[in-house]
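Sequence lines set the chain letters: A, B, ... in the order given, protein chains first and strands last, and positions in each chain run from 1. We use all heavy atoms of the structure for the numbers below, so side chains are in, but hydrogens, waters and symmetry mates are not.
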Amino acid sequence: MAAQTIPAQPFQQQLLGWYAHNHRPMPWRDTQNPYSIWLAEIMLQQTTVAAVIPYYRRFLAAFPTVQTLAAAPIEQILHLWAGLGYYRRAHLLHKCAQTIAGKHHGHFPSTEAELLQLPGLGPYTAAVIAATAFNQPATVVDGNVERVITRLYTINAPLPKSKPLIRQKAALLSPLQPTTYNLQPRLYANAIMELGATICTPQNPKCLLCPVQQFCAAHAAGNPAAYPVKAAKKALPQRSATAYAITDSSGNLYLRQRPATGLLASLWELPHTGNWEAHQPPAIPLTQQTPAGEITHTFTHFKLTLNLIRATTPHTLPAANAFAPSNLPPLSTLMKKALTRAFTP
DNA sequence: AACTCGGGGTC
DNA sequence: GACCCAGAGTT
């Protein structure tokens with residue numbers, strides 16, 4: 001079958017006409033402030049809009065400017081990020097804020113190439129900030145766009161090998177050249193992602209409501225949900241561990257901080273042993289140990305079963321590891337689940 | 001090119 | 001359960 005050609009301007013006008021009347025409100029769409037848009041886009045990496053909104057509001061309230069974020073202690077940033085996942089983003093967020101506040105004198109660069117140099121900004125984030133904060137022509141490719149493009153052109157090669165071809169096709173439809181009408185890159189970027197998120201969905205796409213259905217090869221073929229084709233993924237290994245919820249006579253809980261890199265970087269946790277990680281339990285005498293159930297948790301690349309033991313110690317916990325229940329340090333969702341389970345009768 | 005890195009919504 | 005999410009950094 002000959003590769004189909006989609007006329008860019010009719011496609012763009014159909015898409016933007018639809019977007020003008022159908023987009024969802026999002027707090028970061030009410031502004032063109034690069035700081036606000038950057039903050040939202042870092043949070044949105046592999047994270048749903050609904051999950052991001054409350055975190056975004058709390059961050060903007062705590063850190064209204066890039067300077068305030070740059071000057072904040074990393075502990076405060078981790079506290080506000082806890083629960084959102086992919087904690088490396090929190091460290092890179094801080095690093096990027098300090099780069100902007102210092103090297104860039106408090107102002108975000110406005111070109112895609114300069115943005116790409118900043119910590120935590122890859123091809124997607126650099127393009128979307130250039131397009132939405134600075135209204136610069138840029139080809140924005142996220143998971144939504146990959147789905148829309150592979151359907152429009154029935155791209156049968158599997159991801160990720162097909163990424164270069166997807167980008168090439170996406171660029172053909174993006175506002176990279178001047179148009180005979182005023183096509184704003186800011187609106188186009190939001191519109192094609194909104195189409196993917198609400199119409200061109202992974203399952204049961206709403207082709208009946210699609211403003212660009214007439215251009216779509218997958219719709220014509222009757223199998224839009226078959227796209228994008230992806231490489232097969234392997235089964236997740238199973239790991240397990242036993243975690244100890246140790247309290248002393250004053251009710252303080254023993255927690256320790258994880259390393260600054262790797263899984264759940266810099267967050268705090270219950271001490272644990274087992275084949276999850278090569279850790280030792282703390283050398284603390286325990287006067288009472290009570291089995292307290294187990295929880296399971298699925299990470300991106302393994303499944304974890306965590307057996308829980310509730311225990312007490314006659315000693316006073318080391319000050320660096322002792323936390324009152326009302327004043328806990330940053331904890332992952334896994335460890336919050338573990339604590340809830342350990343202390344629920 | 002393959003692997004690492006969370007947690008939650010959807011079906 | 002499987003899939004996906006406004007992906008980036010490391011090896």
Side-chain angles (χ1 to χ4, degrees), chain A residues 23-24 26-29 37-56 78 81-93 95-96 115-129 131-133 138-148 158-164 167 170 186 188-198 200-205 225-237 258-267 269 295-304 330-337:
Chain A
H23 65 271
R24 301 165 293 173
M26 295 180 195
W28 46 86
R29 282 183 178 161
I37 291 174
W38 162 75
L39 176 63
E41 290 299 342
I42 299 301
M43 291 182 168
L44 285 164
Q45 290 168 0
Q46 290 293 287
T47 308
T48 55
V49 168
V52 163
I53 288 176
Y55 285 85
Y56 173 80
L78 288 172
W81 198 276
L84 195 57
Y86 284 174
Y87 297 95
R88 179 171 52 189
R89 293 183 296 175
H91 292 85
L92 292 169
L93 186 84
K95 195 173 170 185
C96 184
L115 288 162
L116 193 53
Q117 301 303 311
L118 294 169
L121 278 73
Y124 162 75
T125 309
V128 79
I129 293 175
T132 60
T139 302
V140 174
V141 182
D142 72 334
N144 291 305
V145 175
E146 286 181 347
R147 191 166 52 253
V148 171
L159 282 167
K161 181 176 293 188
S162 57
K163 278 179 179 287
R167 168 163 292 277
R186 181 173 65 81
Y188 179 86
N190 279 318
I192 192 164
M193 290 191 287
E194 187 79 358
L195 184 78
T198 63
C200 198
T201 50
Q203 299 159 313
N204 305 316
Y227 299 90
V229 180
K230 298 200 170 184
K233 53 186 64 175
K234 59 179 183 179
L236 302 183
R258 295 179 58 81
T261 59
L263 187 71
L264 306 174
S266 301
L267 297 192
E269 66 177 5
I295 60 172
T296 61
H297 195 78
T298 303
F299 289 97
T300 307
H301 52 295
F302 67 95
K303 295 181 182 181
L304 177 66
L331 296 167
S332 64
T333 296
L334 165 67
M335 286 302 159
K336 289 178 183 173
K337 274 165 49 177

Rounded to whole Å, how long is the line connecting atom [atom1] of [X] with atom [atom2] of [N]?
X: A/I53; N: C/dC5; atom1: CD1; atom2: C1'; result: 14 Å
X: A/L236; N: C/dG1; atom1: CG; atom2: P; result: 11 Å
X: A/L115; N: C/dA8; atom1: CG; atom2: P; result: 12 Å
X: A/L92; N: B/dT4; atom1: CG; atom2: P; result: 19 Å
X: A/Y124; N: C/dA8; atom1: OH; atom2: P; result: 8 Å
X: A/K233; N: C/dC3; atom1: NZ; atom2: C1'; result: 7 Å
X: A/E146; N: C/dA6; atom1: CD; atom2: C1'; result: 11 Å
X: A/K230; N: B/dA2; atom1: NZ; atom2: P; result: 15 Å

On DNA chain C, more 5' by nearest nucleotide between A/A40 and A/P119 is A/A40

Aromatic ring proximity, centroids under 6.0 angstrom, A/F299 and A/H301:
no

Can you confirm whether the side chains of A/Y124 and A/Q45 place a donor and an acceptor under 3.5 Å from each other?
no

Indicate, yes or no, whether a donor-acceptor pair under 3.5 Å links the base of C/dA6 to the side chain of A/R147.
no

Compare side-chain N and O positions of A/T125 against OP1 and OP2 of C/dA8 and report whether any pair is under 4.0 Å apart.
yes

So, does A/H301 get its side chain near the phosphate of B/dC3, meaning an N or O under 4.0 Å from OP1 or OP2?
no

Please determine which of A/D142, A/V52, A/V128 meets the side chain to side chain contact (heavy atoms under 4.5 Å, CB included) test together with A/E41.
A/V128

Using heavy-atom distances to pick each residue's nearest nucleotide on DNA chain B, tell me which of A/P160 and A/T261 is more 5'.
A/P160

Of the options C/dC4, B/dT4, C/dA6, whose atoms approach the side-chain atoms of A/P202 most closely?
C/dC4

Looking at A/K95, I want to see if its NZ is surrounded by more than 12 non-hydrogen atoms of other residues, nucleotides or ligands under 6.0 Å.
no

Taking NZ in A/K161 as the centre, count heavy atoms belonging to other residues, nucleotides or ligands within less than 6.0 Å. Is the count above 12?
no

Under 4.0 angstrom, heavy atoms only, what part of the nucleic acid is [X] near: base, sugar-phosphate, or nothing?
X: A/V49; value: sugar-phosphate
X: A/M335; value: nothing
X: A/W28; value: base

Quick one, A/Y55 and A/T47 - any side-chain contact, counting heavy atoms below 4.5 Å?
no

Does any part of the side chain of A/W38, heavy atoms only, come nearer than 4.5 Å to the side chain of A/L115, both counted from C-beta?
no

Using the P atom on both, measure C/dA6 against B/dC3 and round to a whole Å.
25 Å

How far, in whole Å, is C/dT11 from B/dG6 if one measures between their P atoms?
15 Å

At under 4.0 Å between heavy atoms, which parts of nucleotides 6-11 of chain B does protein reach? Answer with one letter per nucleotide, 5' to 3': B base, S sugar-phosphate only, - none.
BBS--S

What verdict does the side-chain hydrogen bond (donor to acceptor under 3.5 Å, both in side chains) test give for A/R258 and A/S332, after you've listed the backbone C-alpha separation in whole Å, the side-chain angles of each residue and the deciding distance to 0.1 Å?
CA-CA 11 Å; A/R258 295 179 58 81; A/S332 64; over 6 Å; no

